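Worksheet: the structure to be examined is printed underneath.
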Number of protein chains: 2
Amino acid sequence: MRIGELARAAGVKAETIRYYEREGVLASPPRTQANYRDYGPEHARRLNFIRRARDLGFSMTRIRELLELADDRSRACHAVDTLARAHLGEVNRKIADLEALRRELRRMLENCEQGTVGTCLVIEALAEGTEA
Amino acid sequence: MRIGELARAAGVKAETIRYYEREGVLASPPRTQANYRDYGPEHARRLNFIRRARDLGFSMTRIRELLELADDRSRACHAVDTLARAHLGEVNRKIADLEALRRELRRMLENCEQGTVGTCLVIEALAEGTEA
DNA sequence: TATACACCTTGTAGTCGCTACAAGGTCAAG
DNA sequence: CTTGACCTTGTAGCGACTACAAGGTGTATA
Ligand SMILES: [Zn+2]
Ligand SMILES: [Zn+2]
Ligand SMILES: [Zn+2]
Ligand SMILES: [Zn+2]
C-alpha cells in the first residue's frame, strides 16, 4: 500500500505520515523498486493509534510513551492508565480555564450599551483589566 | 521607564515586549542616550490592553483589530462587540470539543481493569478507534 | 580607577504539529 | 510520446512567544 492510499484510509495527508516517520513514531516501511514507501496493515494500525491519540489531544511526546508501553503486551497496564489520567487532568484544567474566560467575556458583553467606543464597557474591561 | 521595569509591571518578559513592537501592536518608544527604550504610561496602558486581550484568548490578529477600533473613541462600539461575540463563539466551540474529549477519556479509563497491556481497554480504545 | 554586575541592544533559532511548496523521479493510460 | 497522477527529498511557514549569543551601558563597590 502506497502512502497516498494509507493517507486516504487514515484521513490524514501524506505529508503528515512522512512527518510521523521523521519523528520516529511510525516505522520506516520498506521501499518498492521505484523507492516508494510500501506500507502493510501493521503500519495502518499504528497510524490509526497515533491519529486517535492525537484526536484525543495527546501530545507527540505522550504518544511516543504510549506506543512504547503498548508494545509490550504482557506489561501491567498501570503506566498506560496513569498517562491517560494525567492527560484527563490537563483537559480538565483547560476546560476550567476556558470556562473562566467565557464568564468574563459574557460579563463584558452583557454590560455593553451600544454607545460609542469611548463609553463601551467591553473596551473598558479590556483596558482596565479587572482580573477575574 | 525601561523595558525591564515595564515588563515587571505588566507581568511579561522583556522579549515579549520587543516582540509586540516588531509585530506593530505596541508603538516604538523613544530611546535614551544609551539607546535604551524609554516607555511612558501610554505604552503601559497599551501593553495592559494587549495582555488582557491575550489572556482572554484573542489572537494577535484580532487584537490588532480591537486596538484599531479602540483608538477611535467616537466610533459606535458595535464592531468591537461583534469581535468579542465572535470570540465568545470560538471559546464555546473549544469548550464543547474538550468536553467531548473528556467524556471519551473518562469512558476509556472507567473500563480499565488493571490487567496487562494486552487486555487493557484503554489501549484497545486507542487502537480501535470507536469514534465518539 | 578598576571591575563586577545588572541591565540593555540586535539578531537568530527553537518550540509544536503539522502544511505547503519546489524541483524532480516513476508509472500507466490514451 | 505526452499527459497526469502519484511519489521522492528538502526547505520554509504558521502563532506567540522563548532562549540564546555577543556585545554595549550604567552604577556600586573595593
Ligand atoms: Zn456595542
Ligand atoms: Zn460596547
Ligand atoms: Zn490499567
Ligand atoms: Zn488498562
Side-chain angles (χ1 to χ4, degrees), chain A residues 1-40 43 46-67 87 90-91 94 97-98 101, chain B residues 1-40 43 46-67 87 90-91 94 97-98 101:
Chain A
M1 167 189 238
R2 296 196 300 192
I3 198 169
E5 201 184 338
L6 178 61
R8 273 186 298 279
V12 301
K13 311 214 162 190
E15 279 132 331
T16 305
I17 297 177
R18 282 191 283 258
Y19 166 73
Y20 289 156
E21 185 181 335
R22 272 203 309 284
E23 290 298 300
V25 290
L26 193 60
S28 300
R31 300 295 183 116
T32 66
Q33 282 188 331
N35 194 32
Y36 291 178
R37 288 172 179 82
D38 188 18
Y39 293 100
H43 290 98
R46 192 79 159 192
L47 179 55
N48 265 342
F49 187 105
I50 296 166
R51 279 316 309 169
R52 181 129 173 83
R54 285 290 303 130
D55 286 347
L56 285 166
F58 286 92
S59 69
M60 292 298 279
T61 302
R62 286 264 212 270
I63 288 175
R64 246 182 284 267
E65 294 166 11
L66 279 175
L67 285 169
H87 182 52
E90 284 165 31
V91 170
K94 271 188 201 161
D97 287 354
L98 284 171
L101 276 190
Chain B
M1 171 188 235
R2 298 197 299 192
I3 198 168
E5 200 183 339
L6 179 60
R8 274 187 298 280
V12 301
K13 312 214 162 188
E15 280 131 331
T16 304
I17 297 176
R18 282 191 283 258
Y19 166 75
Y20 289 156
E21 184 181 336
R22 273 203 309 284
E23 289 299 297
V25 289
L26 193 59
S28 301
R31 300 292 184 117
T32 67
Q33 281 187 332
N35 196 31
Y36 291 179
R37 286 172 179 81
D38 189 17
Y39 294 100
H43 290 98
R46 192 80 159 190
L47 179 55
N48 265 341
F49 188 104
I50 296 167
R51 279 316 310 170
R52 182 130 173 83
R54 284 291 303 130
D55 287 347
L56 285 167
F58 286 92
S59 69
M60 292 297 279
T61 302
R62 287 264 212 270
I63 288 175
R64 246 182 284 267
E65 293 166 11
L66 279 175
L67 285 169
H87 182 54
E90 285 165 31
V91 170
K94 272 189 200 160
D97 287 352
L98 284 171
L101 274 191

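Worth knowing before you read on, the calculation uses all heavy atoms, side chains too, and leaves out hydrogens, waters and symmetry mates. Computed from a predicted structure; not experimentally measured. In the text below, chain A, chain B and the rest are named by the order of the sequence lines, each starting its count at 1.
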Round to a whole Å and report the spacing from CD of A:Gln33 to P of C:dC27.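 Value for this atom pair: 8 Å.
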How close do B:Ala7 and B:Ala14 get, heavy atom to heavy atom, and via which atoms?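 Closest pair (atom of B:Ala7, atom of B:Ala14, distance): CB-N, 3.7 Å.
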Nearest heavy atoms of A:Leu26 and A:Leu47, plus distance in Å: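 Heavy atoms of A:Leu26 and A:Leu47 come nearest at CD1-N, 4.0 Å.
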What distance do A:Met60 atom CE and A:Leu67 atom CG have between them, rounded to the nearest 0.5 Å?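 Between A:Met60 CE and A:Leu67 CG, I get 9.0 Å after rounding to 0.5 Å.
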How does protein contact run along nucleotides 3-8 of chain C, one letter per nucleotide 5' to 3', with B for base contact, S for sugar-phosphate only, - for none, heavy atoms under 4.0 Å? ----BS
Does [X] reach the side chain of [Y], with side-chain heavy atoms less than 4.5 Å apart?
| X | Y | value |
| --- | --- | --- |
| B:Thr16 | B:Lys13 | yes |
| A:His43 | A:Met1 | no |
| B:His87 | B:Val91 | yes |
| B:Arg51 | B:Val12 | yes |

Does the pair A:Thr61 and A:Glu65 meet the rule for a side-chain contact (heavy atoms from CB on, under 4.5 Å), with working shown? CA-CA 7 Å; A:Thr61 302; A:Glu65 294 166 11; 4.0 Å; yes
Taking five pairs at each end, how big is the angle between the two axes of the helix from C:dT1-D:dA30 to C:dG30-D:dC1, to 10°?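 End-to-end axis angle: 30°.
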Please list all pairs passing the ring pair (Phe, Tyr, Trp, His ring centres under 6.0 Å) test where one or both residues lie in residues 15-38 of chain B, with sequence neighbours left out.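 Residue pairs passing ring pair (Phe, Tyr, Trp, His ring centres under 6.0 Å), neighbours aside: none found.
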Range on DNA chain D touched by chain A, heavy atoms, distance below 4.0 Å: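 Listing 5' to 3', DNA chain D meets chain A from D:dC6 to D:dT9.
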B:Arg62 with B:Glu90: basic N within carboxylate O range, under 4.0 Å: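 Salt bridge flag = yes for B:Glu90 with B:Arg62.
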side-chain contact (heavy atoms from CB on, under 4.5 Å) partners of A:Lys94, counting only residues at least two apart: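 Applying side-chain contact (heavy atoms from CB on, under 4.5 Å) to A:Lys94 gives B:Leu98.
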Each nucleotide N or O in nucleotides 13-17 of chain C that has a protein N or O under 3.5 Å away: list the pair and distance.
{"unit_1": "C:dG17", "atom_1": "OP1", "unit_2": "A:Met60", "atom_2": "N", "d": "3.1"}
{"unit_1": "C:dG17", "atom_1": "O3'", "unit_2": "A:Arg54", "atom_2": "NH2", "d": "3.4"}

Which of these, B:Arg37, B:Glu21, B:Arg22, sits in a side-chain hydrogen bond (donor to acceptor under 3.5 Å, both in side chains) with B:Ser28?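 Only one of B:Arg37, B:Glu21, B:Arg22 forms a side-chain hydrogen bond (donor to acceptor under 3.5 Å, both in side chains) with B:Ser28, namely B:Glu21.
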